[in-house]
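So the structure is just underneath, and the comments pick up after that.
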Amino acid sequence: MNEQPRDPDPELDTAFYGFVASDPQPSGSEGKKRLYFKAGQEHHDFAADGSRIKLPTTFHDVVAFRGAAESGEVKLAKGDWFLAIGRTQTSTNPNTGVESTEFIASRFGHDLARMNTEVGTPRRRSQMESPDRQRPARQVAFEPPEQDQPEHEQPARAM
C-alpha cells in the first residue's frame with residue numbers, strides 16, 4: 001500500500017463575500033454545468049475619528065462549475081447576499097489583450113445575517129411541518145416545575 005500521511009492543516013481557500021448584482025446565467029451541457037454572474041462587494045474604511053466611511057462598490061465576475069453551479073442556480077437570485085469559497089483566476093482576452101480576474105466558486109451559501117432564508121437539508125425539510133397544517137393550540141399559562149421536598153431534614157455534615 002502506498003499511503004501518504006494526512007495533512008493535519010485545514011483546507012484553506014479564498015472566500016468571497018458580496019451580493020449578486022446580475023441575474024445568474026446557467027449554461028453548459030449535461031454533466032458540465034456552468035454558472036456565471038456579476039457580484040458586487042461593498043467596501044468600508046475607518047476615518048481618524050473612528051467613524052466608518054463607505055467606499056465605492058466594486059464588481060467582479062463569479063463563475064461556478066458542476067455541483068457548485070447547480071447549487072448556485074437553485075439558491076441564488078439577483079440581490080441575494082452570499083458567501084462563496086473558491087479561488088481567483090486571471091486570464092487575458094485574446095482579442096483585446098485585456099487582463100481580467102474572475103472568482104471560481106466551489107461552494108455557495110447565503111449570508112444568514114442579511115438574508116431571511118429557510119435552512120435545512122432535504123431530509124430535515126421533509127420532516128418539518130407544512131405551513132398549511134393546523135398546529136395544536138399552545139398552552140398560555142405557566143406552571144412552575146414541581147420541586148422535590150425531602151421527607152425529613154438531614155443534619156448538616158461537620159467537617
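Among all heavy-atom pairs drawn from G50 and F46, the shortest one is O-CD2, 3.7 Å. Listed here is the closest heavy atom pair of G72 and L35: C-CD2, 3.6 Å. Closest approach of D80 and K75 over heavy atoms only: OD2-O, 3.4 Å. Looking at every heavy atom in both residues, A105 comes nearest to A68 through O-CB, 3.7 Å.
Atom-to-atom distance recorded for T58:OG1 and E42:CD is 10.0 Å, nearest 0.5 angstrom. A distance of 10.5 Å separates CD of Q41 from CZ of F59, quoted to the nearest 0.5 Å. Taking NE2 from H44 and CG from L55, the interatomic distance works out to 7.5 Å, rounded to the nearest 0.5 Å.
Between F108 and F37, the ring planes lie tilted relative to each other; the angle falls in the 30° to 60° range.
In this structure, the ring pair (Phe, Tyr, Trp, His ring centres under 6.0 Å) partners of F103, at least two apart in sequence or on a different chain, are F16. Under the rule for a side-chain contact (heavy atoms from CB on, under 4.5 Å), the partners of E70 that lie at least two apart in sequence or sit in another chain are K33. Q89 pairs by the side-chain hydrogen bond (donor to acceptor under 3.5 Å, both in side chains) definition with R87, not counting sequence neighbours. Under the rule for a side-chain contact (heavy atoms from CB on, under 4.5 Å), A48 has no partner lying at least two apart in sequence or in another chain. In this structure D49 satisfies the side-chain hydrogen bond (donor to acceptor under 3.5 Å, both in side chains) test together with S51, sequence neighbours excluded. Residues meeting the ring pair (Phe, Tyr, Trp, His ring centres under 6.0 Å) test with Y17, sequence neighbours left out: W81. For K54, the side-chain hydrogen bond (donor to acceptor under 3.5 Å, both in side chains) partners at least two apart in sequence or on another chain are T57. Not counting sequence neighbours, the partners of Y36 by the side-chain hydrogen bond (donor to acceptor under 3.5 Å, both in side chains) test are D61.
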Throw together a table of side-chain donor-acceptor distances under 3.5 angstrom for residues 91-102, partners on residues two or more places apart or in other chains.
{"residue": "N93", "atom": "OD1", "partner": "N95", "partner atom": "N", "Å": "2.8"}
{"residue": "T96", "atom": "OG1", "partner": "V98", "partner atom": "N", "Å": "3.3"}

For residues 18-28, dump all side-chain donor-acceptor pairs below 3.5 Å to protein atoms at least two apart in sequence or in another chain.
{"residue": "S22", "atom": "OG", "partner": "K38", "partner atom": "N", "Å": "2.9"}

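Think of V74 as one node in a network of Ile, Leu, Val, Met, Phe, Trp and Tyr side chains linked at under 4.5 Å; it has no links at all.
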